Number of protein chains: 2
Amino acid sequence: MATPQLTKNQTLVMDALSHSEGPMSAYTILDKLRDHGFRAPLQVYRALDKLLEYGLVHRLESLNAFVACSCPHDHEHDHGVTAFTICEGCGQVTEFHDEAIEQRLSALTRAQSFKTEKTTIEIRGHCQSCA
Amino acid sequence: MATPQLTKNQTLVMDALSHSEGPMSAYTILDKLRDHGFRAPLQVYRALDKLLEYGLVHRLESLNAFVACSCPHDHEHDHGVTAFTICEGCGQVTEFHDEAIEQRLSALTRAQSFKTEKTTIEIRGHCQSCA
DNA sequence: GCAATAATGTAATGTTATTACATCAATTGC
DNA sequence: GCAATTGATGTAATAACATTACATTATTGC
């Protein structure tokens with residue numbers, strides 16, 4: 001998916017997430033953007049939907065929150081499975097990719113003829129500093 | 001964790017989940033148990049907390065829903081990482097465990113000195129019948 | 001029995017996400 | 001140009017999921 005030019009709202013949400021230390025909930029984003037004219041949750045959710053579609057943002061299911069993708073390269077191509085470690089102490093989220101896990105999951109789903117559309121891997125715990 | 005005798009509410013929630021085809025949200029469980037005297041969400045959430053703690057129930061983060069553990073054996077010991085395939089078509093959830101993935105994740109987290117407390121692996125897609 | 005602990009009941013509230021509907025802007029086809 | 005379509009936006013209301021606070025009842029250990 002080639003990323004099209006972002007709209008005004010999408011840019012605002014993307015910037016908010018990019019400049020944030022950690023993940024943000026949709027409502028936290030909303031609050032950050034009130035000064036920029038945001039009034040309702042839907043403005044955030046609509047922007048997030050697109051950003052997720054473009055692969056610029058990830059949703060953390062276990063937090064009901066969102067983070068900017070940390071991949072440095074462009075988002076023209078799919079990165080396969082994305083996994084996260086999430087520190088309960090400081091909230092730090094680290095994104096990583098692993099070919100071995102990807103292949104193993106692929107083999108397991110193929111064995112049950114399951115057609116994968118989206119894979120969620122989230123590891124909650126404590127980072128080195130917070131252990 | 002040795003599973004203690006379940007209380008009345010825990011038993012009701014456990015039975016509701018065990019007899020269900022697929023995952024249920026806390027509020028769906030609440031509705032099912034109104035006839036048995038349940039009036040408020042907290043009654044469900046409290047029971048679920050214990051059942052999760054005992055390992056009798058799993059929470060599906062990407063659905064905000066709960067399923068009975070499908071492991072046949074007793075729950076005296078930890079089963080390590082639990083993963084799920086979740087069919088978007090029929091709602092069927094299949095639980096599985098894989099030593100290889102577990103070890104790979106363990107190696108990756110160890111490399112960043114991350115102390116894992118809970119691992120979520122959920123694969124959304126379509127099962128063979130619904131593909 | 002009595003104190004301590006665990007479980008329960010109830011109400012209120014907080015948080016996350018969606019539906020419905022109206023308006024506005026950009027693009028396309030003619 | 002201009003109607004028609006499409007995509008983005010604005011706003012309100014509501015639905016869905018989860019927790020806090022506080023009172024009461026049941027169970028357990030002594």
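Residue numbers start from 1 in every chain, and the chains themselves are labelled A, B, ... in the order their sequence lines are given, proteins ahead of strands. Everything numeric in this text was worked out from a predicted model, so none of it was measured. Just so you know, these numbers use all the heavy atoms, side chains as well, and skip hydrogens, waters and symmetry mates.
The side chain of B/Phe66 has D/dA18 as its nearest neighbour among C/dA17, D/dA18, C/dT10. Among the nucleotides D/dC17, C/dT8, C/dT16, the one closest to any side-chain atom of A/Asn64 is C/dT16.
Put simply, OH on A/Tyr45 is 18 Å from P on D/dT11, counting in whole angstrom units. Here C/dA17 presents its P atom at 11 Å from CG of A/Leu52, a figure rounded to the nearest Å. Nucleotide C/dA17 holds its P atom 10 Å from the CD1 atom of A/Ile29, rounded to whole Å. To the nearest angstrom, P of C/dT18 lies 15 Å from CG of A/Leu30. A/Gln10 places its CD atom 6 Å from the P atom of D/dA8, with the value rounded to the nearest Å. Distance CD (B/Glu53) to C1' (C/dA7): 14 Å, rounded to an integer number of Å. Atom CG in B/Leu33 sits roughly 15 Å away from atom P in C/dT10 (whole-Å rounding). Between A/Asn9 atom CG and C/dA26 atom P there is a gap of 14 Å when expressed in whole angstrom units.
Between B/Asp49 and A/Arg39, the residue anchored nearer the 5' end of DNA chain D, judged by the nucleotide with its closest heavy atom, is A/Arg39. When the nearest nucleotides of DNA chain D are assigned to B/Leu42 and A/Lys50 by heavy-atom distance, the more 5′-ward of the two goes with A/Lys50. Nearer the 5' end of DNA chain C, as judged by each residue's closest nucleotide, is the contact made by B/Pro41, out of A/Ser25 and B/Pro41.
Between the side chain of A/Arg46 and the base of D/dG10, a donor-acceptor pair under 3.5 Å is found.
Phosphate contact (OP1/OP2 of D/dT9, side-chain N/O of A/Gln43, threshold under 4.0 Å): absent. Taking side-chain N and O atoms only, B/Arg59 has a distance below 4.0 Å to OP1 or OP2 of D/dA18.
Between B/Glu61 and B/Arg59 there is a salt bridge, since a side-chain N of the basic residue sits under 4.0 Å from a carboxylate O of the acidic one. A salt bridge links A/Asp31 to A/Arg34: at least one charged side-chain nitrogen sits closer than 4.0 Å to a carboxylate oxygen.
Each end of the helix from C/dG1-D/dC30 to C/dC30-D/dG1 gets its own axis from five base pairs, and the two axes differ in direction by 30°, given to 10 degrees.
Between the side chain of A/Arg104 and the backbone N or O of B/Arg104 there is no donor-acceptor pair closer than 3.5 Å. A donor-acceptor pair under 3.5 Å is formed between the side chain of A/His97 and the backbone N or O of A/Val81. A distance-only check finds no donor-acceptor pair linking the side chain of A/Gln43 to the backbone of A/Asn9 [under 3.5 Å].
Expressed to the nearest 0.5 Å, how far CD of B/Gln128 lies from CZ of A/Phe114 amounts to 11.5 Å.
The ring of A/Tyr27 lies on top of the base of C/dT16, close enough and flat enough: under 5.5 Å between centres, under 30° between planes.
Heavy atoms from other residues, nucleotides or ligands lying under 6.0 Å from NZ of A/Lys118 number more than 12.
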